[in-house]
> 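Please read through the structure below; I'll follow up with questions.
Quantities reported herein were computed from a predicted structural model and do not represent experimental measurements.
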Amino acid sequence: MALRINDLAPDFTAETDQGPLQFHDWIGTGWAILFSHPKDFTPVCTTEFGAVAQLAAEWAKRGTKVIGVSVDGVDAHRKWKGDIQAVSGAQADFPIIADETLAVSKAFDMLPAEAYLPDGRTAADTATVRSVFIIGPDKKLKLSMTYPMSVGRNFAEVLRALDALQLTYNVPLATPANWTVGQDVIVALTLNDDQAREKYGSIDSKLPYLRTTQAPKQS
C-alpha cells in the first residue's frame with residue numbers, strides 16, 4: 001500500500017548511530033522530518049546531510065526533530081559523519097537510522113517488498129531511497145518529496161514547506177504558490193466571507209473562491 005498524505009506514519013524500532021529508538025516515541029509531541037539516502041559516503045548525500053546539519057537552529061526554532069535513514073550500518077554512519085562535518089563545517093547531531101534490513105525503506109514505500117541488498121551493491125541498488133517525509137504532531141504524514149540520484153535536495157524549500165504546514169495545521173488557511181513567511185495566506189472555502197472576517201479581520205476577495213488575509217503570527 002502506498003503511503004499517502006494524512007496516513008499514519010509507520011512506527012518502527014530501529015538502531016541508529018545514537019542508539020535504538022521507537023519512532024513514534026522519538027517524535028514525541030512535535031514535528032519530525034525523516035530524510036532518506038541510498039548509501040553512505042556518496043557525494044550528493046554528503047552535501048545534503050551537511051545542509052541539514054547547518055540548519056540545526058532552524059529545526060529547533062520550529063520544534064522539529066530531524067532524522068536520517070540510510071541502508072548502511074551504524075559504524076558506517078558514525079564514520080560518514082566525520083566527512084559530513086568536514087564538508088559542511090557543522091556538527092551532524094541528528095540520528096541516522098541503520099536500515100540494513102530495508103524495513104524502514106519498505107514501510108515508507110521507498111522500495112518494493114521484494115527488494116534486497118545484493119553483494120557489492122552500489123547506491124543505484126537503492127536509488128529510490130531519496131525522499132523527505134514531514135510528519136505532524138498527530139504522527140500523520142503531511143508532506144513527501146522524492147528526488148532522483150542526480151538532483152540534490154533544496155532544504156530551504158523543505159524549511160519553507162514546514163513553515164507553511166505549521167501555519168495551516170488544523171486551521172482553515174492555505175498558502176499560495178511561492179509563499180514565504182510574512183506573506184498573505186488564503187482563507188479556506190469552509191468559511192464564508194462573514195466567518196472569515198470574524199476570524200481573521202479584513203479579507204481581500206480576488207475571486208469569489210480566492211480570498212486572502214494577513215497571515216497569523218506564528219508562535
> Could you tell me which non-hydrogen atom of Arg130 sits nearest to which non-hydrogen atom of Gly152, and how far apart they are?
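Where Arg130 meets Gly152 most closely, the heavy atoms are NH2-CA, 4.1 Å.
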
> Using the side-chain contact (heavy atoms from CB on, under 4.5 Å) rule, take Leu21 and Ile67 through it: C-alpha gap first, then chi angles, then the decisive distance, then the call.
CA-CA 11 Å; Leu21 60 75; Ile67 188 167; 3.6 Å; yes

> Measuring from Ser105:OG to His37:NE2, what's the distance to the nearest 0.5 Å?
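Interatomic distance, Ser105 OG to His37 NE2, rounded to 0.5 Å: 11.0 Å.
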
> Can you name the residues that form a side chain to side chain contact (heavy atoms under 4.5 Å, CB included) with Thr46, not counting sequence neighbours?
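Applying side chain to side chain contact (heavy atoms under 4.5 Å, CB included) to Thr46 gives Trp80, Ile84, Val87.
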
> Let's go through His24 and Ile135 carefully: what are the C-alpha distance in whole Å and the side-chain angles of both, what is the deciding distance for side-chain contact (heavy atoms from CB on, under 4.5 Å) to 0.1 Å, and is it a yes or a no?
CA-CA 10 Å; His24 282 196; Ile135 298 162; over 6 Å; no

> Have Gln54 and Ser88 got a donor and an acceptor in their side chains that come within less than 3.5 Å?
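No, no side-chain donor-acceptor contact under 3.5 Å.
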
> List the residues meeting salt bridge (charged side-chain N to carboxylate O under 4.0 Å, His left out) with Lys81, not counting sequence neighbours, and say none if there are none.
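Partners of Lys81 by the salt bridge (charged side-chain N to carboxylate O under 4.0 Å, His left out) criterion, ordered by chain and then number, come out as Asp17.
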
> Between Asp194 and Arg197, is the closest basic N to carboxylate O distance under 4.0 Å?
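So Arg197 pairs with Asp194 through a salt bridge.
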
> Do you know which two heavy atoms are closest between Pro20 and Glu15, and how far apart they sit?
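That would be CB-OE2, 3.6 Å.
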
> Going through the distances and angles, do Phe94 and Phe35 end up as a ring pair (Phe, Tyr, Trp, His ring centres under 6.0 Å)?
CA-CA 11 Å; Phe94 51 85; Phe35 60 105; 5.5 Å; yes

> Calculate, to the nearest 0.5 Å, the distance between atoms CG and OG belonging to Asp193 and Ser205 respectively.
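OG of Ser205 is found 4.5 Å from CG of Asp193.
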
> Are the side chain of Thr16 and the backbone N or O of Gly19 linked by a donor-acceptor pair below 3.5 Å?
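Yes, because the side chain of Thr16 sits within donor-acceptor range (under 3.5 Å) of the backbone of Gly19.
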
> How about Lys199: does its NZ atom have over 12 heavy atoms from other parts shown lying under 6.0 Å from it?
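Atom NZ in Lys199 is not crowded, with 12 or fewer foreign heavy atoms closer than 6.0 Å.
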
> Taking CD in Gln195 as the centre, count heavy atoms belonging to other residues, nucleotides or ligands within less than 6.0 Å. Is the count above 12?
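Check passes, neighbour count above 12.
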
> Do Ser144 and Leu3 come within less than 4.5 Å of each other through their side chains, counting heavy atoms only?
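Not touching, per the 4.5 Å side-chain cut-off.
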
> Rounded to the nearest 0.5 Å, what's the gap from CZ on Phe155 to CH2 on Trp59? Could you check?
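Output value for this atom pair is 7.0 Å.
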
> If you define the side chain from C-beta out and look only at heavy atoms, does anything of Pro137 sit under 4.5 Å from Thr29?
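In short, these two side chains do not touch, never coming nearer than 4.5 Å.
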
> Sorted by first residue and then second, give each ring pair (Phe, Tyr, Trp, His ring centres under 6.0 Å) pair with at least one member in residues 183-202; sequence neighbours left out.
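Of all non-adjacent pairs touching residues 183-202, none passes ring pair (Phe, Tyr, Trp, His ring centres under 6.0 Å).
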
> Do His77 and Asp72 get their side chains close enough for a donor-acceptor pair, meaning under 3.5 Å?
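Their side chains do not contain a donor-acceptor pair, so the 3.5 Å distance test is not met.
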
> Show your reasoning for whether side-chain contact (heavy atoms from CB on, under 4.5 Å) applies to Ile134 and Val158.
CA-CA 9 Å; Ile134 301 182; Val158 175; 4.3 Å; yes

> Using salt bridge (charged side-chain N to carboxylate O under 4.0 Å, His left out) as the criterion, list what pairs up with Asp11, not counting sequence neighbours.
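Not a single residue meets the salt bridge (charged side-chain N to carboxylate O under 4.0 Å, His left out) criterion with Asp11.
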
> Has the side chain of Ser36 got a donor or acceptor atom that lies under 3.5 Å from a matching backbone atom of Ser131?
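Yes, because the side chain of Ser36 sits within donor-acceptor range (under 3.5 Å) of the backbone of Ser131.
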
> Shortest non-hydrogen contact from Ala53 to Ala92?
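Nearest pair, atom of Ala53 first, then Ala92: CB-CA, 4.0 Å.
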
> Is a salt bridge present between Asp7 and Lys140, judged by a nitrogen-to-oxygen distance below 4.0 Å?
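Judged by the 4.0 Å cut-off on N to carboxylate O distance, Asp7 and Lys140 do not form a salt bridge.
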
> Compare every heavy atom of Ala174 with every heavy atom of Val185, then report the nearest pair and how far apart it is.
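Reported closest heavy-atom pair: CB-O, 3.4 Å.
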
> Under the side chain to side chain contact (heavy atoms under 4.5 Å, CB included) test, which residues partner Thr64, sequence neighbours left out?
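By the side chain to side chain contact (heavy atoms under 4.5 Å, CB included) rule, Thr64 matches Trp31, Ile33, Arg62, Leu162, Gln166.
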
> Please name the pair of heavy atoms, one in Val132 and one in Arg153, separated by the smallest distance, quoted to 0.1 Å.
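That closest heavy-atom pairing would be CG2-CD, 3.5 Å.
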
> What's in the same ILVMFWY side-chain cluster as Val74, cut-off under 4.5 Å, chained through other members?
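Traced through the cluster, Val74 reaches no other member.
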
> Write down the atom of Pro95, the atom of Val66, and the distance for their closest heavy-atom approach.
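Heavy-atom minimum between the residues: CD-O, 3.7 Å.
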
